[in-house]
2 protein chains.
Amino acid sequence: MKKAEATRLMILQKAFELIYVKGYQTTSIDDIIATTKVTKGAFYYHFKTKDEMGLSIINEILKPILASSFIEPLQNEKNPLEAIYNLMDNLLMKNEFLKVEYGCPASNFTQEMTPWNLEFNKALNELTQEWTNAITATIERGKKSDTIRKDVNAKQVTIFVMSGYWGIRNLGKLENSKKVYVSYLKQLKIYLDSLK
Amino acid sequence: MKKAEATRLMILQKAFELIYVKGYQTTSIDDIIATTKVTKGAFYYHFKTKDEMGLSIINEILKPILASSFIEPLQNEKNPLEAIYNLMDNLLMKNEFLKVEYGCPASNFTQEMTPWNLEFNKALNELTQEWTNAITATIERGKKSDTIRKDVNAKQVTIFVMSGYWGIRNLGKLENSKKVYVSYLKQLKIYLDSLK
DNA sequence: TTGCATAAATACTAAGCAGTATCTTTTATG
DNA sequence: CATAAAAGATACTGCTTAGTATTTATGCAA
């Protein structure tokens with residue numbers, strides 16, 4: 001029971017890294033069993049299909065990453081606007097797992113799987129919704145504590161900020177350079193300051 | 001010479017539409033010859049490989065679209081900030097070819113082909129660079145005509161605006177709704193106004 | 001009309017793909 | 001230690017893929 005759970009998680013982890021680099025469609029099960037050194041029998045013991053594995057990656061790998069790296073940091077800072085800026089700065093410039101040349105895993109997944117796979121779409125939507133809610137809540141906190149103007153539309157700002165993040169990840173991927181991240185962050189700061 | 005050129009273009013056009021909907025990897029040559037009703041012999045007469053066709057799509061289909069729908073509109077309006085806003089509004093809300101559920105073709109291509117295909121990356125980079133230059137030039141025009149503050153960093157603003165566009169296309173794809181476009185556009189307007 | 005390059009049709013190949021059937025090993029429990 | 005279930009190994013299947021080899025039709029210059 002214990003060791004099996006470990007292999008399952010190891011498969012998910014390694015498969016996730018492969019998919020992050022190569023994309024879901026182009027990562028074959030043979031690729032996965034080659035890098036995990038797990039046999040096909042073992043793979044199909046743990047997962048009925050490739051898509052079941054893909055969904056497990058979203059729910060068991062991506063969700064915890066979202067919680068720890070995308071949501072928690074927002075809740076541990078006092079100043080809401082600083083919290084949002086620092087989150088982005090950390091994700092783009094300091095996070096060691098997310099690489100500029102591979103973009104954002106959730107964004108990649110979305111681009112690749114949506115709209116032709118409904119189950120993936122649903123799982124990714126939930127993921128995004130969680131992040132959206134966390135950012136919106138942070139802005140509302142700012143409005144309550146008077147660090148953000150009352151007339152600011154929290155939901156709209158969230159969408160604007162999130163779209164910028166996804167877009168700059170894609171742009172960084174294209175240019176293979178963090179330079180664009182720096183520009184983005186500077187303008188993000190200016191934009192966020194305008195909400196005070 | 002004439003009819004052959006026509007079939008070639010027809011293949012590119014139909015293949016582009018298929019790829020826009022399904023993605024490059026998952027669009028097979030058999031898919032393409034089925035929908036174009038062109039035989040494999042004809043296809044491989046016009047294109048040495050699938051990737052050569054893909055590059056031709058970028059250069060012969062995407063580039064003209066970029067010029068006519070993404071760049072020209074910027075040059076035909078007097079007020080630079082309005083030009084940028086109206087461009088985005090048109091692309092997101094009014095353009096009949098670009099569908100919310102399929103996102104932005106260039107962004108999709110970038111996400112899917114970069115970083116593992118250098119030639120695609122180069123072609124897409126040129127494409128993006130052209131758009132970047134056009135937006136930056138528009139902002140500089142605004143600075144000269146005093147409709148935009150002199151201390152505004154044109155390049156930075158361009159990157160910020162472009163990343164927002166790409167991101168919101170991806171978000172729209174995920175939610176399969178133009179609602180997010182409306183939110184994005186409202187905040188874009190506020191942001192652009194802050195540059196006056 | 002003949003000759004020849006351009007253009008297109010047909011049938012094939014070799015490799016890769018997700019998934020399965022069947023067997024063997026490991027592990028937990030009485 | 002016996003045994004049954006859990007976990008993993010191996011070999012295979014049927015199908016799809018990009019690309020090729022070869023043949024056939026078309027259009028145009030002489």
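Residue numbers begin at 1 in each chain, while the letters A, B, ... track the order of the sequences. Values below: every heavy atom of this structure, side chains too, minus hydrogens, waters and symmetry copies.
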Would you kindly give the OH-to-P distance between A:Tyr24 and C:dC17, to the nearest whole Å? 14 Å
Taking the ring of A:Phe16 and the ring of A:Phe97, is the distance between their centroids below 6.0 Å? yes
OP1, OP2 of D:dT16 versus side-chain N and O of B:Ser28: anything below 4.0 Å? no
Specify the separation, in whole Å, of atom CG of B:Asp30 and atom P of C:dT13. 16 Å
Does anything in residues 41-57 of chain A come within less than 4.0 Å of DNA chain D? Heavy atoms only, and list the residues if so. A:Gly41, A:Ala42, A:Tyr45, A:His46
Does B:Asn170 offer a backbone N or O that forms a donor-acceptor pair with the side chain of A:Trp166 under 3.5 Å? no
Between C1' of C:dA7 and CG of B:Leu9, the distance in whole Å: 16 Å
Which residues satisfy the salt bridge (charged side-chain N to carboxylate O under 4.0 Å, His left out) test with A:Arg141, sequence neighbours excluded? none
Side-chain N or O of B:Thr7 closer than 4.0 Å to phosphate OP1/OP2 of C:dA7: no
I need the CD-C1' distance between B:Gln25 and D:dT16, as an integer number of Å. 15 Å
Between D:dA18 atom C1' and B:Asp31 atom CG, what is the distance in whole Å? 13 Å
Would you check if A:Glu112 and B:Gln111 make a side-chain contact, meaning some heavy-atom pair closer than 4.5 Å? no
From CE of B:Met10 across to P of C:dA7 the rounded distance in Å is 14 Å
Verify the distance criterion only: is there a donor paired with an acceptor across the side chains of A:Thr132 and A:Thr158 at less than 3.5 Å? no
Distance check needed: C:dA8 P versus B:Lys37 NZ, whole Å only. 16 Å
Close side-chain approach of A:Phe47 to A:Arg8, heavy-atom, < 4.5 Å: yes
I'd like to check the side chain to side chain contact (heavy atoms under 4.5 Å, CB included) partners of A:Ile32; sequence neighbours left out, ordered by chain and number. A:Ile11, A:Ala15, A:Leu18, A:Thr27, A:Thr36, A:Phe43, A:Met53
Are any of A:Thr39's side-chain N or O atoms less than 4.0 Å away from OP1 or OP2 of D:dG8? no
Confirm from the modelled atom types if A:Lys40 and D:dG8 form a donor-acceptor pair under 3.5 Å, side chain to base only. no
Given atom CD of B:Glu5 and atom P of D:dG27, what is their separation to the nearest angstrom? 17 Å
